[in-house]
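Notes to accompany the following structure.
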2 protein chains.
Amino acid sequence: MAAKSPQRQPVVGGRAAVSPTAVREAALTLFAERGYHGTALSQIAKALDIQTPSLYNHMASKQDLLVAILQDTTDRVLAEYDAAVDGVEDVGERLSAATYTYALRHATHPREAVIVNRDATAIDEPVRAAVYAKRRKHADDFRELIQKGVESGRFDVENATVAAFAILEMCVSIARWFDPDGPVSAEEIARQHGEFALRIVGVRSALSACSDGAS
Amino acid sequence: MAAKSPQRQPVVGGRAAVSPTAVREAALTLFAERGYHGTALSQIAKALDIQTPSLYNHMASKQDLLVAILQDTTDRVLAEYDAAVDGVEDVGERLSAATYTYALRHATHPREAVIVNRDATAIDEPVRAAVYAKRRKHADDFRELIQKGVESGRFDVENATVAAFAILEMCVSIARWFDPDGPVSAEEIARQHGEFALRIVGVRSALSACSDGAS
DNA sequence: CCTACCGATCGGTAGG
DNA sequence: CCTACCGATCGGTAGG
């Protein structure tokens, strides 16, 4: 009965303590569920079984909580992209790896993804502009990757920008429908999306190869 | 200076009048921009150049405004799907037509789409359950369509549910990035997404046909 | 970590 | 369509 919520860390002496991490964890869940403006600090406090003013021992403000989530998430997305394509030369493999990584992140971190995509408009300038710039950078990297594949004749799409958005956004949406307790694993979902990406850009995979391959 | 906003309809005598349609139009824009919880009725009133209480001459409540938008939109999506596939027998053509229609809606009605996808959690029961049921119906229709294509050997995907989500959600996202004043028309975007859908399910199109492909 | 409390703003009503 | 006004709740502070 002492530890009513998993966010509370039991401490010697039977008392429980709330940490900045626990506050952020509760905020992630509630912001993702009801949105930033739809979540009251009193609800976060209730989830942690403390009073609202006590939250200020672990955070600067509600806005700061959101900013930290958005900045961390966008930073990680860019870092994971770089790590995924690092050293990979084949443009098809680069697209496949970048898509796999992006899809996997959305399957394993759905709350962060939902918040970034819904509540980025709720943060104040100049942070908002910085977050948008990072998201644009990621989309541009994808677009340029596809454009390279088109120019080298490996990919076949009418418009690299449209194809990039289609691929990116089908990955983003995983955060909204994927069930980690369902029959398909996060890795399997990510793999299939890597395959979808190749199909969208017109790369013949082993699965659906023609007899004479691509021209 | 008498007509400060496009939502105001000029009336004989130099006076302006606000209508239920104008209120809804302003709500569509603001809800899409800042979210339902992030929009105050005072902001909607300001956009219409009236005082907040005057809004109640044209609507029942803020919640009612959202409910009307969500119900109308989900109803239209289902009706458009039925109309798109009606009489079309070939399973590839059915998928292409259903995707084209869904994509076109999101390119031409981005505000409605953004609100449905972000603020459906903000409506009270039992309406919320009804809206979710309609969205599920549409997704199920898509999934069954793809499943039929797989069973008949026309489509080649590992998991019809995953493919259905990927196709649907890349269309939904159009509402978030498409610029109607950009170089590509809504119809062209929709056409390309119809093509992407066929590629995702492994159908060889005219564009990327093998030697034995169609014209 | 708490109680007590703040000004601001929210959606909505009364009454014309 | 307006002014005047309501109770509720918001994020946040004071002070221990």
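Within every chain, numbering begins at 1; the chains are lettered A, B, ... in the order of the sequence lines, protein sequences first and strands thereafter.
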Rounded to whole Å, how long is the line connecting atom [atom1] of [X] with atom [atom2] of [N]?
X	N	atom1	atom2	value
L48(B)	dC1(D)	CG	C1'	13 Å
L41(A)	dA8(D)	CG	P	21 Å
Y56(B)	dG15(C)	OH	P	17 Å
D124(B)	dG11(C)	CG	P	14 Å
H58(B)	dG12(C)	NE2	C1'	16 Å

Looking only at side-chain atoms of K62(B), point me to the closest of dG12(D), dC2(D), dG12(C). dG12(C)

Step through the shown structure and confirm whether more than 12 heavy atoms of other residues, nucleotides or ligands are within 6.0 Å of CD on E89(A). no

Side-chain donor/acceptor of Q43(B) to backbone N/O of A40(B), under 3.5 Å: yes

For a quick test of reading the model, state the closest non-hydrogen atom pair linking D141(A) to Y81(A) and the distance between them. O-OH, 3.5 Å

Does N57(A) or P53(A) map to a spot on DNA chain C nearer the 5' end, using the closest nucleotide for each? N57(A)

With ring centroids as reference points, do H138(B) and Y102(B) lie under 6.0 angstrom apart? yes

Nucleotide forming a Watson-Crick or wobble pair with dC2(C), both distances under 3.5 Å: dG15(D)

Heavy-atom nearest nucleotide on DNA chain D for S61(A) versus S54(B): which residue maps closer to 5'? S54(B)

Let me spell it out: for each of Q51(B) and Y36(A), pick the nucleotide of DNA chain D with the closest heavy atom. Which residue's pick is nearer the 5' end? Q51(B)

Look at H37(B) and dC10(D) and indicate whether a side-chain polar atom (N or O) is within less than 4.0 Å of OP1 or OP2. no

Is there a side-chain polar atom (N or O) of T52(A) under 4.0 Å from OP1 or OP2 of dG11(D)? no

